[in-house]
Amino acid sequence: MQKLFSSLAATALAASLALAFPAHAANSASLPLVQEAPLRAHLAFLSNDLLEGRGTGQRGADLTVAYLETQAQMAGLKPVRGNSYRQSVQIAGVKSLPAESSLQALAGGKAVPLAFGPDWVWATGDSVATHTFDAPLVFVGYGITAPEEGWNDFKGTDVKGKIVVMMVNDPQPTEAEPNRFAGKALTYYGRWTYKFEEAQRQGAAGVLLIHTKPSASYDWSVVQNSWSGAERFQLAARTAGTPLQGWITEDAARRLFAAGGQDLDALRAKAERKDFQAVALDAKLAGEMKSAVRKVEQFNVAGMVPGTDARLKDEAVIYSAHWDHLGIQPKEGDKPGADIIYNGAVDNASGTAGLLAMAQEAAKKPARRTQIFLWVAAEEQGLLGSAAYAADPLWPLDKTAAALNLDSLNFVGATHDIGVQGSERTELGAMAATVAKSMGMHIAQARPDLAGGYFRSDHFSFAKAGVPAFSINGGREYVKDVEASKAKAAAYGPRYHQVSDEYDASWDLSGMTQQAQFTLNLGQAVANAARMPAWKAGDAFGKVREQVK
């Protein structure tokens, strides 16, 4: 892969950036080259059983943070605030206790058998250990209030003190309105995080999200692994959520609705219309829900390469990756010797390792602006570490030029393309295309964001705060063994959030190195530009940026 990053490519990059963006483009001697060997070493260690899956609130998390701050110092990074590489993230840990709870669903006056784990999962959303419910269920369609779309699923309905049952994803496009809610792409209104937030704003006592694989973009096993028997986390400083938050399978929801005198499919069809009215079910949740609750301190790890320009060094480019995964999760019925460590090699030991390899080289060749390398905590729990950073930034947000995020890097092999979805919302899109061209690549063809990827990674915390931000994704046009490479990439799907996401020493890391190099090259271009990149006119996050200024 070093041929891709030769001095010839570096010279081409400097020249093309000077033309494409009003910038002080880097010369060939200033472009740091990411090395595969340290990237592989970090990846192998971070995904080793010794780190126990880097679970939030577990011993593996403490080991990971210690490793990262040590490596940041060895790479030559400086602390961003004070003398520490750590930024405290105060969170509450919550674990459902179904065996000690009496919570049940009743419909038509009779109990509807629902098994915790296989049929539904739930937890407290406000960090209170015990809640007692006798709350009616109301189907609220998608649970969306979007004035700009003329959409309100709660209109005319008071859901205070009730349990709202809703679908994930967005209302689907129609022939008459092909672009409503961004067409086939998923908007933030479709994300489960938004659903919980809106239910809280409406005063609901709880939320049950109806899971389908097409609407959620992942299997029920992903939900089950994150909620059933696992400890979940919330920012301690965040406004409390609804007392109950949970998911229910489609089959279980269908049985519950039928017992409550309603047809789930018929109601879902009605919910695709703007004139939909919430429907009260002849059903309720009753009983006591118990949870184990504790306070936990986790840490973001941050280090910087100070800028060299007397004026521009007060502005910064952030490179981020989340260091956490799901940790150790024993389950009832596990056989002796069963694998209970969720190593998260691809997700996201790969991004964590990539950032370490990038920092090692960037520290040797500073840019005009300051560069910050940020490893955030608790992404798997709802972007908690990056949200905590955005609430208490180590660097002023209005002086942060861009946030470039790495999450689940390409472990298959080098590609002709690179994914930059979301960059088109800002001037970073044009810069990314120029950088890709200089490296002999091109930007991956845009696809509808059906899974809402733009709202699922840590860059989104920065975007919401007005900072131009997106995640750099691996390409799909493989250089070698195209069909075999595609099959290898596709085979990762069943391993996502499973114990089988483990490091394989036979992996070809040329694509991972390429992805890290592209990210660093783009960051260097931003760090050396004459001005910070701007959002495209009219973008909602751009309006936030203007307010910050």
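Everything quoted here is computed from the prediction, not taken from an experiment.
- Panel note: side chain Q73, backbone Q71; no donor-acceptor pair is recorded below 3.5 Å.
- Comment: D170 does not engage R191 in a salt bridge, judged by the lack of any side-chain N to carboxylate O separation of less than 4.0 angstrom.
- In summary, of the residues considered (L356, L63, N300), a side-chain contact (heavy atoms from CB on, under 4.5 Å) with L68 occurs for L356 alone.
- By the 4.5 Å heavy-atom criterion applied to side chains, L31 and N521 are counted as neighbours.
- Within 6.0 Å of the CD atom in E175, the count of heavy atoms belonging to other residues, nucleotides or ligands does not exceed 12.
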| request: Would you sort out whether D219 and H211 count as a side-chain hydrogen bond (donor to acceptor under 3.5 Å, both in side chains), showing the intermediate values? | output: CA-CA 9 Å; D219 292 326; H211 174 272; over 6 Å; no

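- S461 pairs by the side chain to side chain contact (heavy atoms under 4.5 Å, CB included) definition with L383, S386, A387, not counting sequence neighbours.
- Salt-bridge formation is not detected for the pair E380/R54: no Lys NZ or Arg NE/NH1/NH2 atom is positioned less than 4.0 Å from an Asp or Glu carboxylate oxygen.
- To the nearest 0.5 Å, atoms CD1 (I144) and NZ (K195) are separated by 4.0 Å.
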| request: Let me see the working for N343 and N48 under side chain to side chain contact (heavy atoms under 4.5 Å, CB included), right down to the final yes or no. | output: CA-CA 7 Å; N343 303 80; N48 191 279; over 6 Å; no

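- Considering only residues two or more places apart in sequence or on other chains, R447 meets the salt bridge (Lys or Arg N to Asp or Glu O under 4.0 Å) condition with none of them.
- Taking a cutoff of 4.0 Å between a charged side-chain nitrogen and a carboxylate oxygen, D501 and R495 do not qualify as a salt bridge.
- Sorted by first and then second residue, the ring-ring contact (aromatic ring centres under 6.0 Å, His included) pairs with a member in residues 353-387 read Y319-F373; sequence neighbours excluded.
- Of the inter-residue distances, the one linking Q298 atom CD with D324 atom CG reads 8.5 Å to the nearest 0.5 angstrom.
- Applying the side chain to side chain contact (heavy atoms under 4.5 Å, CB included) criterion to A432, with sequence neighbours excluded, gives V420, I443, F518, L522.
- Contact of the P79 side chain with the S84 side chain is not registered, since no non-hydrogen atoms from C-beta on lie closer than 4.5 Å.
- How far CG of D398 is from CD of E315: 9.0 Å, rounded to the nearest 0.5 Å.
- In this structure, the side chain to side chain contact (heavy atoms under 4.5 Å, CB included) partners of T370, at least two apart in sequence or on a different chain, are M304, K313, A316, I372, W395.
- Q224 meets the side chain to side chain contact (heavy atoms under 4.5 Å, CB included) test with P118, W220, S228; sequence neighbours excluded.
- Closest approach of P178 to P173, counting heavy atoms only: O-CB, 3.3 Å.
- Listed here is the closest heavy atom pair of P306 and P366: O-CB, 3.8 Å.
- For the salt bridge (Lys or Arg N to Asp or Glu O under 4.0 Å) test, no residue two or more places apart in sequence or in another chain qualifies with E502.
- Heavy-atom contacts from other residues, nucleotides or ligands closer than 6.0 Å to NZ of K437 number 12 or fewer.
- The nearest pair of heavy atoms linking T519 to M358 is CG2-CE, 3.9 Å.
- Salt-bridge annotation for D314 and K399: absent, with no side-chain N of the basic residue lying under 4.0 Å from a carboxylate O of the acidic one.
- Using the six-membered ring where Trp is involved, F455 and Y188 have ring planes that are tilted, between 30° and 60° apart.
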| field | Test log, rule salt bridge (Lys or Arg N to Asp or Glu O under 4.0 Å), inputs E427 and R531 | value | CA-CA 11 Å; E427 291 178 325; R531 60 177 176 82; 2.8 Å; yes

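- Annotation: ring-ring contact (aromatic ring centres under 6.0 Å, His included) contacts involving residues 398-423, sequence neighbours excluded, comprise F411-Y492, F411-W507.
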| query | Checking ring pair (Phe, Tyr, Trp, His ring centres under 6.0 Å) for the pair F299/Y85: CA distance, chi angles, key distance, verdict? | reply | CA-CA 9 Å; F299 297 94; Y85 292 91; over 10 Å; no

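- Separating the CZ atom in R59 from the CD1 atom in I328 is a distance of 8.0 Å, to the nearest 0.5 Å.
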| request: May I have the step-by-step check of side-chain hydrogen bond (donor to acceptor under 3.5 Å, both in side chains) for S215 and N169, ending in yes or no? | output: CA-CA 5 Å; S215 63; N169 217 296; 5.6 Å; no

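- To the nearest 0.5 angstrom, L406 atom CG is 7.5 Å from N348 atom CG.
- For the salt bridge (Lys or Arg N to Asp or Glu O under 4.0 Å) test, residues two or more places apart in sequence or in another chain that qualify with R40 are E36.
- Looking at T400, its side chain never comes within 3.5 Å of a backbone N or O of A402 through a donor-acceptor pair.
- For the atom pair NZ (K184) and CG (N179), the distance works out to 11.5 Å, reported to the nearest 0.5 Å.
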Kindly list each side-chain donor-acceptor pair under 3.5 angstrom involving residues 475-484, sequence neighbours excluded, with atom names and distances?
unit_1, atom_1, unit_2, atom_2, d
R476, NH2, Q445, O, 3.0
E477, OE1, H442, NE2, 3.1
E477, OE2, H442, NE2, 3.2

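- Residue pairs satisfying the salt bridge (Lys or Arg N to Asp or Glu O under 4.0 Å) criterion with at least one member in residues 64-79, sequence neighbours excluded, are listed as follows: E69-R86.
- Between W247 and Y218, the angle of the ring planes lies from 30° to 60°, which puts this pair in the tilted group.
- Looking only at side-chain heavy atoms (C-beta outward), Y389 and I318 come within less than 4.5 Å of each other.
- For Y454 and F470, the ring centers sit 6.0 Å or farther from each other.
- Residues forming a salt bridge (Lys or Arg N to Asp or Glu O under 4.0 Å) with K364 (at least two apart in sequence, or on another chain): E361.
- Nearest approach of V467 to A403, heavy atoms of both residues: CG1-N, 3.9 Å.
- Between V435 and A525, the shortest heavy-atom contact is CG2-CB, 4.4 Å.
- Counting only heavy atoms from C-beta outward, the side chains of V376 and H322 approach each other to under 4.5 Å.
- Taking the six-membered ring where tryptophan is involved, the planes of F541 and W535 are tilted, since the angle between them lies from 30° to 60°.
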| request: Please step through side chain to side chain contact (heavy atoms under 4.5 Å, CB included) for the pair F45 and L51, ending with a clear verdict. | output: CA-CA 8 Å; F45 181 77; L51 267 65; 3.5 Å; yes

| task | For R456 and S217, run side-chain hydrogen bond (donor to acceptor under 3.5 Å, both in side chains): C-alpha distance rounded to whole Å, both residues' side-chain angles, the deciding distance at 0.1 Å, then the answer. | result | CA-CA 12 Å; R456 292 172 59 178; S217 80; 2.9 Å; yes

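- The heavy-atom pair separating A529 from R369 by the smallest distance is O-NH1, 2.7 Å.
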| said: Walk me through whether E149 and R180 qualify under salt bridge (Lys or Arg N to Asp or Glu O under 4.0 Å). | reply: CA-CA 7 Å; E149 293 279 353; R180 72 176 186 178; over 6 Å; no

